[in-house]
Asks: 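There's a structure below that I have some questions on.
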Amino acid sequence: MATTATTGLPEHHVAHHFDSAQQEFDSNKMGMWLFLASEIMMFGALFVGALIFHTLHPAAFNEGSQHLDWRMGTINTFFLLTSGLTMGLAVIAAQSGRQGAVRLNLVLSILFASGFLVVKFIEYKLKIHHGTLPGRLWHGEGFHDPYVHVFYGLYFVMTGLHGLHVLIGMGLMTWCLIFRASSVQFNRKYFTPVELVALYWALVDLIWVFLFPLLYLIG
Amino acid sequence: MDNSKTFWLPEKASTFTDFVDPAFNLFFWISIFFFGIICFLIVLFTFKYLRRRPEQLASAQITHNLKLELTWTLIPLVIVMALFFVGIKGYFKMRVPPSGFMQVNVTGQKWSWSFAYPSGAVNDTLVVPVNTPVKLVMTSKDVIHSFFIPAFRTKADVLPNRYHALWFQATRTGVFPVECTQYCGTSHSYMWTAVKVVDPDNYKAWLDNASDPAKGKTPAEFGALLYTKRGCSACHSIDGSRIVGPSWKGIFGRQENCGPAGMVMVDEAYLRESMMEPAAKVVNGYQPVMPTYKGVLTDREVDAITAYIKTLK
Amino acid sequence: MEHSENELGHLTTKNMVVGAYVALLVLTGVMLCLSRLNTAALSVDWLDVHAIKVTLIMLTALVMGVIISMFLMGLRYESKLLNMTIFASNFVFLLIFVLFTWADTSFRGEIDPTFNQHINFVSPVKAEPAGAQGHSVAP
Amino acid sequence: MIAHVTNNINYLKAKRGFMSWLVTVDHKRIGVMYLASILCFFILGGSFAFMFRLELWSPLKEFLTPDQYNQFFTLHGVIMVFLVVVPGIPAALGNFIVPLQLGAKDLAFPKLNLTSLYLYWLGAIIALYSLVAGHADQGWTMYAPYSLSRNPAVLWMMIAAFFLGFSSILTGLNFLVTIHNMRAPGMTFFRMPLFLWSMYATAIMQIFATPVLAITLVLLLLENFFGIGIFDPALGGDPILMQHFFWFYSHPAVYIIVVPGFGITSELITAFSKKDIFGYNFVAYSSVAIAIIGFVVWGHHMFVAGQSELADFLFSFLTFFTAIPSAIKVFNWTATLYKGSIELKTPMLYALQFLFNFTIGGLTGIILSILSVDIHLHDTYFVVSHFHYVAMGSTMIAFIGGIHYWWPKMTGKMYNEFWGRAAAILVFVGFNVTFFVQLVMGSQGSPRRYYHYMNEFQIYHQISTIGVIILATGLFMALFNLLASLKFGATAPKNPWGARTLEWEEADSPPVLYNFTKTPVVTHGPYAFDTEKA
């Protein structure tokens with residue numbers, strides 16, 4: 001294990017079943033992209049359900065999304081985009097071997113992500129207060145369209161699953177912060193963990209970028 | 001025109017068989033032809049080139065022949081495209097009913113069918129005149145069923161909260177079975193009824209009689225008629241044996257243990273309540289699966305069924 | 001020589017990431033302004049303004065998606081096109097899925113309009129709507 | 001390549017003890033554990049089928065009540081689809097053979113491979129729990145309103161399918177990355193054996209189709225608990241939308257089931273006729289073509305379900321295109337036999353059976369895509385027989401043939417050739433007696449999933465039950481023959497069949513811990529046999 005002078009952390013060595021670091025990096029990256037593909041297909045199926053419901057009952061969709069608070073959605077978008085920025089900076093820091101900058105950016109990303117979850121929690125509390133919950137739990141007033149509870153069913157499923165993925169992303173960041181950043185020296189030859197967490201987080205951003213207008217802005 | 005059952009297809013009894021059976025037979029013989037070629041070639045090559053000596057090698061390594069490959073790509077393509085058009089032509093005829101059809105509303109519910117005629121008659125078997133187009137507009141009370149008449153080669157799923165329809169024109173008289181083909185629970189395989197195709201005048205006589213079923217009958221006799229037509233027979237027996245619900249034999253006047261509701265005397269009020277809100281007092285040991293008949297049975301029909309139950313000792 | 005030997009993926013530069021971030025913020029702003037447009041005020045009779053607004057919003061979302069995938073996820077600088085094809089084929093399959101399901105749900109009842117009615121379904125939304133609440137229409 | 005000191009002991013003896021198997025990351029051991037679990041579930045699923053086949057001897061009650069019959073056919077469906085044939089060939093034989101045929105030391109992500117196995121076992125345990133948790137009787141298709149009855153057994157089965165789906169995704173992901181990145185030097189894409197092409201096509205479908213099943217199950221579970229109203233017609237949903245979601249996964253799933261069978265058949269036919277495959281490019285591309293076309297045809301399961309006429313046209317038109325790649329494959333395999341040196345060993349018997357059964361399965365599939373004829377044939381025993389000809393008659397037969405073919409490589413033992421062939425013939429006779437009769441019964445109008453049927457169909461049911469008895473004896477004979485070979489079998493040579501792919505030419509039986517003592521260099525195609533000197 002060659003240890004670098006600056007941080008005294010061990011360098012990464014290539015796993016035994018890979019022939020070269022390049023092959024390992026390419027495999028890890030392709031593996032991550034395939035995992036992201038299955039995530040996109042999972043969310044994509046939900047988007048298909050939402051689009052089909054939108055074409056079948058546009059009135060319910062409009063009425064439902066009017067009662068959503070677009071201001072909270074915008075704050076959430078800002079939070080996610082900023083945490084996407086800090087994750088990008090973390091990758092740059094990892095590539096140039098600045099271990100401290102990597103840690104800082106990871107912490108910032110985790111903060112912004114938790115900000116997103118706080119706003120999301122407030123929104124859900126608001127919904128519970130208004131009684132606009134899916135299906136049998138519905139006790140909202142002042143709604144006209146008979147299909148509006150289905151809109152809220154879809155709203156909770158999509159934002160809930162996305163929120164779960166934000167939580168998983170935060171878990172990955174903490175794992176990268178605690179276990180990887182302190183046990184192996186990132187440098188030009190090895191920055192895979194930060195790169196893959198950044199890829200996963202960019203996907204969470206991508207899903208929110210489509211989710212936000214579809215649910216909040218089209219009403 | 002021979003309408004009897006062939007090896008592959010059931011008896012012919014509707015206009016659809018004019019294009020469904022030829023389509024089936026057309027591709028059946030095409031399959032026999034291709035299947036024959038492949039089997040013949042396999043058997044031929046296997047025994048012609050069987051390995052005689054232990055280390056014998058292949059006599060030639062032929063790895064590709066573009067002309068041959070293209071032929072057995074294009075020929076199947078042409079055949080399947082022809083089949084597609086055969087399929088569509090027939091399908092269109094099966095989906096678009098001719099004008100001037102006679103309409104019957106069908107309701108499927110867990111394990112029995114009921115047919116409502118425009119004249120108000122309700123029956124548990126479908127009676128239709130011969131050589132007249134009939135359109136069945138169907139809906140289900142609980143889960144997805146499927147209305148299948150093998151002799152007419154027609155089938156359509158019956159969806160809850162929606163209408164779905166199929167039409168047919170019977171070409172000869174007779175009684176043809178109808179089966180439910182979409183899995184719907186315990187007695188899915190008992191959910192049968194029949195289509196009775198009769199001459200137009202017999203149909204008219206039947207319809208007049210069916211429109212006012214109580215005419216000239218005592219309440220008990222009318223109750224007996226309702227016992228089958230309303231599908232009670234699907235779950236309640238009259239000989240003491242248990243099907244899904246309790247048997248009606250000797251039940252009137254008896255004390256029944258209804259679990260939380262305690263011991264209940266089976267009288268007119270309990271029978272009426274069991275028909276309107278079946279889940280209110282369920283006899284111990286039976287599941288509350290009975291659908292409600294509120295808005296389905298008129299008061300006269302409820303009294304008739306009660307009278308019929310009284311006669312069952 | 002040492003540098004090119006371990007050429008592990010493209011070196012992401014700072015201005016690429018920050019530039020993408022700024023562009024995304026601007027586009028979010030554009031989307032918000034579009035959604036705040038009061039379509040009733042601008043209604044031109046032969047033009048369905050609401051539909052245009054919706055398509056414009058979704059187009060900006062699409063542009064933001066492309067920015068994220070190309071720059072933040074680094075697809076733009078991949079040497080092999082493999083990851084790009086994986087990412088793109090997702091949307092091909094989803095497009096097929098939505099198109100064919102839409103071909104079914106929106107064209108039901110072409111021949112027999114009764115197929116398209118929802119009859120006697122109980123909506124938990126209590127307000128008495130004009131629409132299909134619980135009526136049982138014999139066609 | 002630094003050869004580890006423990007690299008010349010074979011993978012069975014490299015480490016000892018229960019834990020060495022439970023937490024191994026060696027693709028070969030994971031493959032063997034998958035094979036054992038899958039065969040156990042095949043016996044369990046098969047026994048459910050055997051019992052209700054006996055029940056169907058007469059229309060009256062033999063020994064099962066209607067509810068038990070419904071539960072048995074549901075469990076037969078769920079166990080066979082989610083626990084046997086979908087993971088089947090890719091997980092058991094694929095895990096073992098893919099790195100060996102590629103010339104790699106292991107799959108790209110060994111720990112992920114072990115996670116896939118654990119997810120499989122977790123899903124299997126939950127599926128077994130749903131056996132006792134209640135009375136799951138909604139069929140493996142779980143159509144809405146019926147599956148929304150909050151029946152606990154049904155909910156547990158959905159959760160089981162959810163985990164089994166992820167196990168399948170991870171296997172597919174591993175294969176795609178390994179095939180793309182870890183090929184031996186000299187192994188171009190067109191020098192890969194065709195089994196790898198079929199694994200490649202299967203992996204594409206596993207990754208892009210299975211997530212939609214995960215979402216369908218989540219939505220069904222939420223529909224059961226909260227009634228969100230997207231599928232439940234009583235709450236304004238659309239049950240046909242649920243069928244779209246379900247079949248968008250389940251049709252690629254049936255291709256995930258059959259495409260690996262194509263791969264094995266290509267290996268067997270070339271190895272036992274000592275002849276290069278006829279039209280390598282066509283056979284390789286047709287596997288990928290089936291994977292792509294498999295995504296656009298799911299609507300042919302819903303021709304009578306109340307779909308719009310436009311959708312029926314579209315799906316019928318596109319379904320016919322799936323027939324073309326299958327036809328190309330069958331013709332190419334038959335052409336491969338021409339001028340070969342054919343040796344009728346047990347795997348070859350299974351390969352020829354595959355050709356016979358798959359041709360019938362494919363042709364009955366084409367009849368079912370003709371719109372007007374499908375109205376009559378849908379949901380009858382004709383459909384039951386069609387998918388058994390493809391899922392059991394093609395995939396499981398190829399799977400058993402593949403097990404016999406790679407048995408010397410996996411265990412280092414040769415099975416008894418006589419009993420192997422006897423079992424193959426019994427399986428062939430039993431299978432065809434069971435299911436050909438159902439084709440006739442189905443087109444006569446006998447619906448599927450019927451406990452009580454019309455008396456005119458009794459003769460067909462009785463012949464089918466006799467067929468199942470023959471089939472069961474054949475299958476058990478094959479199983480005992482293989483298990484007996486573990487103890488009494490002769491030690492297998494390195495290349496008993498004289499095949500030319502890497503796992504036979506380079507690795508010895510059973511292979512060493514890291515597959516090859518030195519990294520193989522590929523110089524010839526996978527089936528480069530020599531010809532007879534005239």
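Heavy-atom basis, side chains included; hydrogens, waters and symmetry copies ignored. In the text below, chain A, chain B and the rest are named by the order of the sequence lines, each starting its count at 1.
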Asks: For Arg95(B), is it the side chain, the backbone, both or neither that has a heavy atom under 4.5 Å from a heavy atom of chain D?
Replies: side chain

Asks: So does Cys184(B) get a backbone contact from the side chain of Gln138(D), meaning a donor-acceptor N/O pair under 3.5 Å?
Replies: no

Asks: Contact part of Leu159(B) toward chain D, heavy-atom cut-off under 4.5 Å: side chain, backbone, both or neither?
Replies: side chain

Asks: Hey, what do you get for CG (Asp157(B)) to CD1 (Ile240(D)), rounding to the nearest 0.5 Å?
Replies: 8.0 Å

Asks: Quick one: NZ on Lys155(B) to CG on Leu377(D), what's the gap to the nearest 0.5 Å?
Replies: 7.0 Å

Asks: Answer whether the closest heavy-atom distance between the side chains of Phe321(D) and Leu77(B) falls below 4.5 Å.
Replies: yes

Asks: What part of Arg162(B) lies closer than 4.5 angstrom to a heavy atom of chain D: side chain, backbone, both or neither?
Replies: side chain

Asks: Would you name the heavy atoms of Lys275(D) and Ile62(B) that are closest together and state the gap between them?
Replies: NZ-O, 3.5 Å

Asks: Got a sec: does the NZ of Lys196(B) have more than 12 other heavy atoms crowding it under 6.0 Å?
Replies: no

Asks: Taking every heavy-atom pair that is under 4.5 Å apart, which of Leu57(B), Ile88(B), Val158(B) has the most such pairs with chain D?
Replies: Leu57(B)

Asks: Between the main-chain N or O of Lys339(D) and the side-chain N or O of Ser59(B), is there a donor-acceptor pair closer than 3.5 Å?
Replies: yes

Asks: Check whether more than 12 heavy atoms from other residues, nucleotides or ligands sit under 6.0 Å from atom OH of Tyr286(B), and answer yes or no.
Replies: yes

Asks: Is the count of non-hydrogen atoms from other residues, nucleotides or ligands lying under 6.0 Å from Lys61(D) atom NZ greater than 12?
Replies: yes

Asks: Quick check: do Ile144(B) and Pro145(D) have side-chain heavy atoms less than 4.5 Å from each other?
Replies: yes

Asks: If I take atom OH from residue Tyr280(D) and atom NE2 from residue His64(B), how far apart are they, to the nearest 0.5 angstrom?
Replies: 14.5 Å

Asks: Please check if the side chain of Arg51(B) supplies one atom and the backbone of Ser341(D) the other of a donor-acceptor pair under 3.5 Å.
Replies: yes

Asks: So for Thr380(D), is it side chain, backbone, both, or neither that comes closer than 4.5 Å to the heavy atoms of chain B?
Replies: side chain

Asks: What part of Asp21(B) lies closer than 4.5 angstrom to a heavy atom of chain D: side chain, backbone, both or neither?
Replies: neither

Asks: Does any backbone or side-chain atom of Gln307(D) lie under 4.5 Å from a heavy atom of chain B? Answer side chain, backbone, both or neither.
Replies: backbone

Asks: Mind checking whether Lys274(D) and Tyr49(B) have side chains closer than 4.5 Å, heavy atoms only?
Replies: no

Asks: Using only atom types and a distance under 3.5 Å, with no angle test, would you say the side chain of Ser443(D) pairs donor to acceptor with the backbone of Trp8(B)?
Replies: yes

Asks: Rounded at 0.5 Å granularity, tell me how far CG in Leu68(B) sits from CZ in Phe278(D).
Replies: 5.0 Å

Asks: Is the backbone N or O of Tyr450(D) less than 3.5 Å from a side-chain atom of Ser189(B), with the two atoms forming a donor-acceptor pair by type?
Replies: no

Asks: Measuring heavy-atom distances to chain B, does Asn332(D) have an atom under 4.5 Å in its side chain, in its backbone, in both, or in neither?
Replies: both

Asks: Sort Lys5(B) into side chain, backbone, both or neither according to what part of it lies under 4.5 angstrom from a heavy atom of chain D.
Replies: side chain

Asks: Could you look at His164(B) and say if it's the side chain, the backbone, both or neither that has a heavy atom under 4.5 Å from chain D?
Replies: side chain

Asks: Checking Leu66(B) against chain D: side chain, backbone, both or neither under 4.5 Å from a heavy atom?
Replies: side chain

Asks: Which pair of non-hydrogen atoms, one from Val86(B) and one from Ser372(D), has the smallest distance, and what is that distance?
Replies: O-OG, 4.2 Å

Asks: Taking side chain as C-beta onward, heavy atoms only, is Glu69(B) less than 4.5 Å from Ile328(D)?
Replies: yes

Asks: So, Phe148(B) versus His376(D), ring centres under 6.0 angstrom or not?
Replies: yes

Asks: Output, in order, the C-alpha distance, side-chain angles, deciding distance and verdict of side chain to side chain contact (heavy atoms under 4.5 Å, CB included) for Leu363(D) and Phe27(B).
Replies: CA-CA 9 Å; Leu363(D) 293 171; Phe27(B) 189 75; 4.0 Å; yes

Asks: Any side-chain donor paired with an acceptor under 3.5 Å for Tyr183(B) and Asn70(D)?
Replies: yes

Asks: Quick one: what part of Ile324(D) sits under 4.5 Å from any heavy atom of chain B, side chain, backbone, both or neither?
Replies: side chain

Asks: Rounded to the nearest 0.5 Å, what separation is found between the CZ atom of Phe35(B) and the CD1 atom of Ile360(D)?
Replies: 4.0 Å

Asks: Which of the residues Ser140(B), Pro76(B), Pro177(B), Cys180(B) is involved in the greatest number of heavy-atom pairs with chain D at under 4.5 angstrom?
Replies: Cys180(B)

Asks: Supply the atom-to-atom distance Glu343(D) CD to Leu50(B) CG, rounded to the nearest 0.5 angstrom.
Replies: 9.0 Å

Asks: Is there a side-chain contact between Gln182(B) and Tyr143(D) in this structure, where contact means two heavy atoms from C-beta onward sitting under 4.5 Å apart?
Replies: yes

Asks: Is Tyr69(D) in contact with chain B via its backbone, its side chain, both, or neither, using a 4.5 Å heavy-atom distance?
Replies: neither

Asks: Is the gap between the ring centers of Phe84(B) and Phe313(D) under 6.0 Å?
Replies: no

Asks: Mind ranking Asn281(D), Leu352(D), Asp312(D) by heavy-atom pairs under 4.5 Å with chain B and telling me who comes out on top?
Replies: Asp312(D)

Asks: To check you understand the geometry: which heavy-atom pair defines the closest contact between Phe45(B) and Leu337(D), and what is its length?
Replies: CB-CB, 3.7 Å

Asks: For chain B, find which of Arg448(D), Met302(D), His378(D) contributes the most heavy-atom pairs closer than 4.5 angstrom.
Replies: His378(D)

Asks: Find the one option among Leu9(B), Leu41(B), Val20(B) whose heavy-atom pairs under 4.5 Å with chain D are most numerous.
Replies: Leu9(B)

Asks: Indicate yes or no for a side-chain donor-acceptor contact from Gln61(B) to the backbone of Gly340(D) under 3.5 Å, with no hydrogens or angles considered.
Replies: no

Asks: Under 4.5 Å, counting heavy-atom pairs only, tell me which of Val440(D), Val373(D), Asp276(D) racks up the most with chain B.
Replies: Val440(D)

Asks: Do you know the tightest heavy-atom contact between Ile366(D) and Leu83(B)?
Replies: CG2-CD1, 3.8 Å

Asks: What do the steps show when you test Leu355(D) against Ile38(B) for side chain to side chain contact (heavy atoms under 4.5 Å, CB included), and what is the final call?
Replies: CA-CA 9 Å; Leu355(D) 279 186; Ile38(B) 289 173; 5.6 Å; no

Asks: Does any backbone or side-chain atom of Thr6(B) lie under 4.5 Å from a heavy atom of chain D? Answer side chain, backbone, both or neither.
Replies: backbone

Asks: Which bit of Ile30(B) comes within less than 4.5 Å of chain D, counting heavy atoms only: side chain, backbone, both or neither?
Replies: neither

Asks: What part of Phe92(B) gets within 4.5 angstrom of chain D, counting heavy atoms only: side chain, backbone, both, or neither?
Replies: side chain

Asks: Please determine whether side chain to side chain contact (heavy atoms under 4.5 Å, CB included) holds for the pair Tyr453(D) and Glu179(B), giving the CA-CA distance in whole Å, both sets of side-chain angles, and the decisive distance to 0.1 Å.
Replies: CA-CA 10 Å; Tyr453(D) 47 83; Glu179(B) 291 150 334; over 6 Å; no

Asks: With a 4.5 angstrom heavy-atom cut-off, could you sort out which part of Ser316(D) is near chain B: side chain, backbone, both or neither?
Replies: both

Asks: Side chain, backbone, both or neither: which part of Met454(D) has a heavy atom under 4.5 Å from chain B?
Replies: both

Asks: Is it the side chain or the backbone of Phe34(B) that comes within 4.5 Å of chain D heavy atoms, both, or neither?
Replies: side chain

Asks: Taking Ala234(D), Pro233(D), Ser446(D) one by one, which has the highest count of heavy-atom pairs under 4.5 Å against chain B?
Replies: Pro233(D)

